[in-house]
Amino acid sequence: MRAMVYRGPYRVRVQEKDRPVVEHPNDAIVRVTRAAVCGSDLHLYHGMMPDTRVGMTFGHEFVGVVDEVGPSVRNVKPGDRVMVPFNVYCGTCFFCARGLYSNCHNVNPNATAVGGIYGYSHTCGGYDGGQAEYVRVPFADVGPSPIPEWMDEDDAVLLTDALATGYFGAQLGDIAEGDVVVVFGAGPVGLFAAKSAWLMGAGRVIVIDHLDYRLAKAASFAHAETYNFAEYDDIVVHLKKITDHLGADVAIDAVGAEADGNLLQHVTAAKLKLQGGSPVALNWAIDSVRKGGTISVMGAYGPMFSAVKFGDAMNKGLTLRMNQCPVKRQWPRLFEHIRNGYLKPSDIVTHRIPLEHVAEAYHIFSAKLDGCIKPLIVPNAA
Amino acid sequence: MPYTPDKPKLAESSDELRARIPGWGADLDPADRPSVPKEQFDPNLSGAHWEFPERQPEKWPRERSIEHRFLTPVFGTSCPPKGLSGVIRRYSYRRFSEGRAAHWLLLLAADRVDAVESTLGSFVTRRPDNPLTETGVRSELTRHGLSSRLRGNRVDRVHHLIDPVLVAAPWVLAGGAAYLLLRRALGGRHR
């Protein structure tokens with residue numbers, strides 16, 4: 001089969017690879033019809049995530065058709081159109097039994113701190129991902145769900161991570177009616193978090209980024225008030241000024257490990273890999289949220305230490321909430337919101353790129369060329 | 001204002017927001033949201049029909065965190081450790097827990113060794129690595145590379161030049177080393 005393959009930092013290609021096989025009785029093999037490149041894939045692409053091996057296929061956002069199932073699979077069958085959460089999870093460990101699917105303890109031998117994620121390094125379990133014609137899906141009775149008849153495939157693929165994560169991020173903010181919510185990052189997760197904040201009754205939603213075209217999308221797609229931090233000497237002071245010097249009630253970090261805005265933080269983390277991530281957005285969140293406020297962290301960081309301003313977080317009495325999103329838990333409600341017309345996830349898709357051109361997809365997404373917000377990957381067999 | 005008790009007034013009331021923004025307040029009740037409460041005990045909800053899953057066959061000694069009691073019943077088989085990078089990875093897993101910086105730094109070092117080993121290895125295959133196609137740099141010409149970078153107030157412009165250096169440096173160094181070795185070998189023959 002054809003598959004995207006990592007060749008080293010900033011290098012990927014498409015090549016022939018063995019079609020995956022059933023390795024466990026509850027495995028399914030899914031023929032991928034649509035995949036996406038996630039902002040967090042860029043951390044792998046840039047060589048930031050430890051134990052990212054040459055030869056791995058990335059891609060944790062994908063949908064497709066079940067091609068083959070293992071002998072114990074009961075809930076899906078060949079021919080079913082399915083959407084697959086980015087979490088690999090067993091359904092019955094201590095954590096899964098409590099709904100913490102992203103924290104499954106039975107799927108990742110390489111680390112106990114993180115669960116299993118498709119195509120996301122061996123630190124996240126060593127599973128090949130969905131930027132390929134076929135992918136192995138463990139625990140097929142637990143993760144995949146049929147794509148509803150009425151749902152567009154481009155919407156479905158965004159439900160496997162970006163939309164679910166943005167929506168989850170807004171929930172972790174514990175937003176109450178009338179709250180002022182500031183979202184750092186106008187990428188896919190930030191856009192969905194901003195949009196979700198309104199669903200939870202926010203009174204004002206502010207989005208911060210440095211890319212004008214993404215801020216324009218935040219204004220049109222998420223009805224947000226937007227500010228380009230590059231235009232202000234100190235974005236924290238500006239946020240204080242526009243919130244009557246109180247600060248926002250809730251801040252959401254939708255940027256993560258490669259945040260810009262502080263050259264020292266960015267270079268030491270994203271270029272020199274001396275930190276787990278560049279916590280510029282997180283530190284701005286800590287500084288700009290009001291005392292007693294809540295910070296929700298959806299941005300992905302590596303497992304190493306990062307230079308986070310915990311002193312201010314403690315002194316301000318902040319609540320910091322975070323996790324990888326337990327995707328399937330969000331789906332029933334998100335299906336309702338899409339059906340009711342409150343959310344149209346595929347509105348943020350800017351590029352649909354054939355699998356054969358995956359290297360270009362990574363480059364334009366990484367370098368933010370051509371107005372790129374969300375690139376989808378279309379395999380040859382789709 | 002933070003100096004007085006009341007919260008600053010919002011520009012728009014809830015009714016105005018409901019009228020302007022589709023779905024405003026659909027999840028207004030904080031107790032009625034999918035991830036509230038954080039932990040919801042229900043082992044039968046997931047569709048699983050096991051308490052502990054069957055074990056996937058271990059076809060080679062699978063490296064694992066020493067914080068695990070045993071190899072997890074299911075695991076990825078994407079890229080078994082190989083070469084010098086594999087030796088470093090196995091040592092890192094065997095010796096250091098996830099709590100130790102050494103564990104992660106060794107894995108990062110192994111990643112860099114892996115890239116060098118794999119690139120060198122590719123030169124004896126029918127498909128050698130090609131930095132031009134693999135970096136997708138062609139899209140600089142086809143996808144408005146320059147204008148995208150120059151538009152607006154992008155703060156990342158300041159480090160855009162670091163990326164090509166990071167990508168090209170190993171190739172330039174390897175080329176230089178190869179040249180020096182070749183020159184020494186040829187020089188030795190002429191002497």
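Quick caveat, the model's predicted, so the values are computed rather than measured. Every chain is numbered from 1 and lettered A, B, ... according to where its sequence line falls, protein lines coming before strand lines.
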Given heavy-atom pairs under 4.5 angstrom as the criterion, report whether the side chain, backbone, both or neither of [X] touches chain B.
| X | answer |
| --- | --- |
| A/Ala202 | backbone |
| A/Tyr213 | neither |
| A/Phe95 | neither |
| A/Cys90 | both |
| A/Pro138 | side chain |
| A/Val88 | neither |
| A/His357 | neither |
| A/Asn340 | neither |
| A/Gln15 | both |
| A/Tyr10 | both |
| A/Leu263 | side chain |
| A/Phe229 | side chain |
| A/Asn110 | both |
| A/Asp179 | both |

Tell me the closest heavy-atom pair linking [X] and [Y], and the distance in Å.
| X | Y | answer |
| --- | --- | --- |
| A/Val142 | B/Gly47 | CG2-C, 4.4 Å |
| B/Pro34 | A/Arg333 | CG-CB, 3.7 Å |
| B/Thr135 | A/Arg11 | CG2-CG, 3.8 Å |
| B/Arg154 | A/Lys368 | NH1-O, 3.0 Å |
| A/Gly203 | B/Leu10 | CA-CD1, 3.7 Å |
| B/Leu108 | A/Gly47 | CD2-O, 3.8 Å |

query: Counting distance only, does the side-chain N/O of B/Arg143 pair as donor-acceptor with the main-chain N or O of A/Cys372 below 3.5 Å?
result: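 Such a contact is absent between B/Arg143 side chain and A/Cys372 backbone.
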Is the backbone of B/His68 close enough, under 3.5 Å, to the side chain of A/His105 for a donor and an acceptor to pair up by distance?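 Answer holds: no.
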Under a 4.5 Å cut-off applied to non-hydrogen side-chain atoms, are [X] and [Y] in contact?
| X | Y | result |
| --- | --- | --- |
| A/Leu369 | B/Glu140 | yes |
| A/Asp260 | B/His159 | yes |
| B/Phe52 | A/Asn106 | yes |
| B/Pro2 | A/Arg290 | no |
| A/His122 | B/Glu63 | yes |
| A/Asn26 | B/Pro53 | no |
| A/Tyr127 | B/Val74 | yes |
| A/Asp249 | B/Lys7 | yes |

### Message
Check this for me: does any side-chain nitrogen of one of A/Asp212 and B/Arg151 sit under 4.0 Å from a carboxylate oxygen of the other?
### Response
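Salt bridge flag = no for B/Arg151 with A/Asp212.
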| task | Run the salt-bridge test on B/Asp163 and A/Lys271 with the 4.0 Å N-O cut-off and return the result as yes or no. | result |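 A salt bridge links B/Asp163 with A/Lys271.
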Check step by step if side-chain hydrogen bond (donor to acceptor under 3.5 Å, both in side chains) holds for A/Glu23 and B/Thr77. CA-CA 9 Å; A/Glu23 298 186 53; B/Thr77 52; 2.7 Å; yes
Kindly say whether the aromatic ring centers of A/Phe305 and B/Trp104 come within a distance under 6.0 Å.
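No, they do not, as the ring centres are separated by 6.0 Å or more.
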Practice problem: Starting from the C-alpha separation in whole Å, work towards a yes-or-no answer on side chain to side chain contact (heavy atoms under 4.5 Å, CB included) for A/Arg7 and B/Ser122. | Solution: CA-CA 10 Å; A/Arg7 293 299 304 167; B/Ser122 79; 3.7 Å; yes
What residue, out of B/Thr119, B/Val116, B/Val158, B/Leu106, has the most heavy-atom pairs lying under 4.5 Å from chain A?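 Ranked by contacts with chain A, first place is B/Thr119.
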**Asked** Is the closest side-chain donor-acceptor distance between A/Ser72 and B/Glu54 under 3.5 Å?
**Response**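 No, B/Glu54 and A/Ser72 have no side-chain donor paired with an acceptor closer than 3.5 Å.
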- Query: Stepwise, does the side-chain hydrogen bond (donor to acceptor under 3.5 Å, both in side chains) test hold for A/Thr52 with B/Asp111?
  - Reply: CA-CA 6 Å; A/Thr52 301; B/Asp111 291 347; 4.6 Å; no
Going through the distances and angles, do B/Asp156 and A/His210 end up as a side chain to side chain contact (heavy atoms under 4.5 Å, CB included)? CA-CA 9 Å; B/Asp156 53 350; A/His210 69 108; 3.5 Å; yes
Quiz item: Under 30°, 30 to 60°, or over 60°: which ring-plane class applies to B/Trp50 and A/Phe139, parallel, tilted or perpendicular?
Solution: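 Rings of B/Trp50 and A/Phe139: tilted, 30 to 60°.
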*What do the steps show when you test A/Arg74 against B/His49 for side chain to side chain contact (heavy atoms under 4.5 Å, CB included), and what is the final call?*
CA-CA 9 Å; A/Arg74 301 174 186 171; B/His49 38 87; 3.4 Å; yes
*Would you check, one step at a time, whether the test side chain to side chain contact (heavy atoms under 4.5 Å, CB included) holds for A/Arg13 with B/Asp129?*
CA-CA 9 Å; A/Arg13 73 184 186 192; B/Asp129 275 312; 3.4 Å; yes
